[in-house]
Amino acid sequence: MKKHNFNAGPSVLPAIAIENTAKAVLDLNGIGMSILEISHRSKDFQAIIDEAVALFKENLNIPEEYKVLFLGGGASMQFCMVPFNLLNKKAAYLETGVWAKKALKEAKLFGEVVTVASSADKNYNYIPKGFSIPNDVDYFHITTNNTIYGTEIREDFDSPVTLVADMSSDILSRPVDVKKYGLIYGGAQKNLGPAGVTFVIVREDILGKVERTIPTMLDYRTHIKEGSMFNTPPCLPIYTCMETLRWIKSIGGVKKLQEMNQAKAKVLYDEIDRNPLFVGTVEKDSRSLMNICFVMKDEYKALEGEFMEYTKERGMVGLKGHRSVGGFRASTYNALPMESVKALVDAMAEFAKIKG
Ligand SMILES: *Cc1c(COP(=O)(O)O)cnc(C)c1O
C-alpha cells in the first residue's frame, strides 16, 4: 500500500515523475540505453538539462538576465559558495533557524557578518519583524522556509542590497518575484527532485565583484560558462527534476500549486487549532505552508508516542518532529496529496475522541 509520506526531506515526489524516472533508468526514450549509462555530453542528456532549465524559467517566471544552474554539494555547499563569490567586506543574515545559522557561520570565514535579527529567543518559532536591512553590506541572506521549525517568509520583500535566499524547502511552492533577489539556491530534495542536486538561480551582474581568488569549482561563473557541465553533473537527479518541472507545468503551474498548498495547510492548521489534544508550535503569522509543526498539550504529552503509533497503523510516515522541536511535523510539499492531509486530520480527530 502506498504510504502517506510526510517526510521532511528527501520527501514525496509526484508519482508520474517517479514512474518516468524508473522508465528512463531502464531505457531512456527507447534509445536502448539507461539514463545511468549515457554521457553527460550526449545530445540525449543535453536535451534533458536544457528542458529542465527552460521549465524552471517558465514555471517560476525567471527573467532573462538570470541563469539557472544544477550543481552538486547540496544547499550546504551554497553556504560557503555564496560568501566566496559575493562577500567582499560585510554581509547581513537573518537568523531564523539552524540552517540560517549554518549559512551565517560559513560567511564569517570570509568577512564581517551582521545578524540583522534573530528568533533564537523563542526556539525560532517566528519570523522576526520590523528589522532594517543595512545598506553598507554586500548582500542580505534569508532562509525563506525554515524546515525544522515550520516558519516561512511567504512574501518577497524589497531589499536595498542584493537579496540572497535559501529556498530549499519552499521553491516552486508559490510564485516568486525573482527580480527582487540576486541569488536563490536550494537542495532539490524537498520540493523538486531527489537528493544529489542543488539548484542556483543567479543574476549574472552580481558576480565578479570580490577581490579574492575563487577556486574554479566554487566559482559560479565557471558553471554559467559551461552550462552546469564543467564537470559531470548529477545526471539522474537532474532527470527527475525535469520530470517534476513537467508535472508542475501540467497541473497549472506554481499559482495553482500555491492554491493547493494553502488549501492543504488550512485543513491541517484548522484541525490543530480545533483539536483539544494538540497545539501548534509556531506563531500564527509565521506559519509555513510546507512544514507544519505541532505538539500535544502539556496535559496530554504522554500520549505523543501512542499517537505516532496510531498514525503509523494508518500508513503515515515521517511525522516525527525534529529533535529540537519535538512532537510532530507534517511536511506538506507540492507533491503531497490533499488525501494524505485528510487522513492525518481524521486520525487526529478520531484519536481525540478516544482520549479526550
Ligand atoms: C534541507 C535544508 C538544507 C540542507 O540541504 P543539503 O542539501 O542537505 O545541504 C539547507 N537549508 C534548508 C532550508 C533546508 O531545508
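Sequential numbering from 1 along the given sequence is applied to the chain's residues. For ligands, and for the atoms within them, numbers begin at 1 and follow the listed sequence. Being a predicted model, the structure only gives us computed values, none of them experimental.
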Looking only at protein heavy atoms, which one is nearest to atom 11 (N) of ligand 1, and what is the separation?
Asp166 OD2, 2.6 Å
Is any N or O atom of Gly73, backbone or side chain, closer than 3.5 Å to an N or O atom of ligand 1?
no
Can we call the ring centroids of Phe199 and Tyr185 under 6.0 Å apart?
no
Would you check the N or O atoms of Thr143, main chain and side chain alike, for any that come under 3.5 Å of an N or O of ligand 1?
no
Nearest neighbour in protein (non-hydrogen) for atom 8 (O) of ligand 1:
Gln189 NE2, 3.4 Å
Pull out every atom of ligand 1 sitting under 4.0 Å from any heavy atom of Gly74, numbered as shown with elements.
7 (O), 9 (O)
What pairs of residues pass the salt bridge (Lys or Arg N to Asp or Glu O under 4.0 Å) test when at least one of them lies in residues 239-258, not counting sequence neighbours?
Glu51-Arg246, Glu58-Lys249, Glu243-Arg246
May I ask you to check if ligand 1 and Asn145 share an N or O to N or O distance below 3.5 Å?
no
Without hydrogens or angle criteria, can the side chains of Asn261 and Ser173 be said to hold a donor-acceptor pair below 3.5 Å?
no
When the aromatic ring centroids of Tyr149 and Tyr126 are compared, is their separation below 6.0 Å?
no
Provide, to 0.1 Å, the distance between atom 5 (O) of ligand 1 and the closest protein heavy atom, together with that atom's residue and name.
Ala75 CB, 3.5 Å
Return the OG1 to CG distance between Thr147 and Asn291, rounded to the nearest 0.5 Å.
5.0 Å
Less than 3.5 Å apart, which donor and acceptor atoms pair up between the side chains of residues 294-303 and the rest of the protein, not counting sequence neighbours?
| from | atom 1 | to | atom 2 | distance (Å) |
| --- | --- | --- | --- | --- |
| Lys297 | NZ | Pro276 | O | 3.0 |
| Lys301 | NZ | Met296 | O | 3.4 |

Does Arg314 make a cation-pi contact with Tyr310 (under 6.0 Å, within 45 degrees of the axis)?
yes
Nearest protein heavy atom with distance in Å, relative to atom 9 (O) of ligand 1:
Ser76 OG, 2.6 Å
Closest protein heavy atom (residue, atom, distance) for atom 14 (C) of ligand 1:
Lys190 NZ, 2.9 Å
Below 4.0 Å, non-hydrogen atoms only: which portion of Phe79 touches ligand 1? Side chain, backbone, both or neither.
side chain
